[in-house]
Amino acid sequence: MLQLFLLLAAALLAVGLFGALSQQSVVMVMMGLELMVAAVIVAAAAFWYFLAPSAPDGQVLLLVVISAMTVEMAMGFAVVTLLFRAGDVDMTDMAAELKQ
């Protein structure tokens, strides 16, 4: 059963890596990064459940990681919104050309 969860995590990581490397839209790159972090969370939760289900340490760690991921994605979308408002930039190569 652990192998199935690790296979799911590996698939999420692969799809996220492909999405982050192949897309030019900033939002799509961020979605790929979100999938990669979700893969780490699935793998960590699976290891916690199958190795030490009675200890609450795994649950606390997962809640901290999910909270940090939520804050990171909110800040990322705020930056993307500011980039778009500043100069109609929605692609990664266009964001590199911005000057102050």
Side-chain angles (χ1 to χ4, degrees):
M1 194 72 170
L2 176 63
Q3 292 85 6
L4 292 176
F5 284 108
L6 294 180
L7 185 65
L8 173 67
L12 281 173
L13 187 72
V15 169
L17 184 64
F18 177 74
L21 293 178
S22 67
Q23 300 296 322
Q24 288 187 356
S25 173
V26 178
V27 174
M28 295 299 287
V29 170
M30 289 180 60
M31 287 176 64
L33 294 174
E34 183 83 18
L35 279 175
M36 288 191 286
V37 173
V40 172
I41 290 172
V42 167
F47 279 124
W48 165 76
Y49 181 75
F50 286 103
L51 295 179
S54 61
D57 299 341
Q59 291 177 353
V60 172
L61 178 64
L62 289 175
L63 286 175
V64 168
V65 169
I66 290 171
S67 301
M69 180 180 67
T70 304
V71 170
E72 177 251 336
M73 282 296 148
M75 292 302 293
F77 281 119
V79 168
V80 169
T81 303
L82 288 174
L83 282 174
F84 185 75
R85 287 182 181 173
D88 285 334
V89 174
D90 61 348
M91 300 292 181
T92 55
D93 56 347
M94 294 168 62
E97 298 171 359
L98 288 177
K99 294 181 182 179
Q100 280 185 318

Worksheet, complete the sentence: Distance col, row E72:CD vs M30:CE, nearest 0.5 angstrom, shows 6.5 Å
Discussion item. With side-chain contact (heavy atoms from CB on, under 4.5 Å) as the test, pick out the partner of M36 among I41, L13, V15.
Written reply: L13
Discussion item. Please report the interatomic distance CE(M1) to CD(Q3), rounded to the nearest 0.5 Å.
Written reply: 10.5 Å
Worksheet item: Honestly curious: do F5 and V40 fall in one hydrophobic cluster under the side-chain, below-4.5 Å linking rule?
Response: no
Discussion item. Applying side-chain contact (heavy atoms from CB on, under 4.5 Å), can you list everything that pairs with L2, at least two apart in sequence or on another chain?
Written reply: L6, A46, F47, F50
Worksheet entry | Joint hydrophobic cluster, M31 plus L33, side-chain heavy atoms closer than 4.5 Å | yes
Practice prompt. Please report the shortest heavy-atom distance between A44 and L62, naming the atom on each side.
Written response: CB-CD2, 3.7 Å
List the atom pairs, donor and acceptor, that lie under 3.5 Å between side-chain atoms in residues 63-70 and the rest of the protein, sequence neighbours left out.
residue	atom	partner	partner atom	Å
S67	OG	L63	O	2.8
T70	OG1	I66	O	2.8

Worksheet entry | Main-chain N/O of D57 paired with W48 side-chain donor or acceptor, under 3.5 Å | no
Discussion item. Tell me the closest heavy-atom pair linking A39 and A9, and the distance in Å.
Written reply: CB-O, 3.2 Å
Worksheet item: Is it true that V60 and V42 fall in one hydrophobic cluster, defined by side-chain heavy atoms closer than 4.5 Å?
Response: no
Practice prompt. Could you tell me whether Y49 atom OH has more than 12 heavy atoms of other residues or ligands within 6.0 Å of it?
Written response: no
Worksheet item: Would F18 and M28 show up in the same hydrophobic cluster when neighbours are defined by side-chain heavy atoms closer than 4.5 Å?
Response: no
Worksheet item: Hey, any chance V27 and L21 share a hydrophobic cluster, counting ILVMFWY side chains that come within less than 4.5 Å of each other, even indirectly?
Response: yes
Discussion item. Other residues, nucleotides and ligands only: do more than 12 of their heavy atoms fall within 6.0 Å of CE on M73?
Written reply: yes
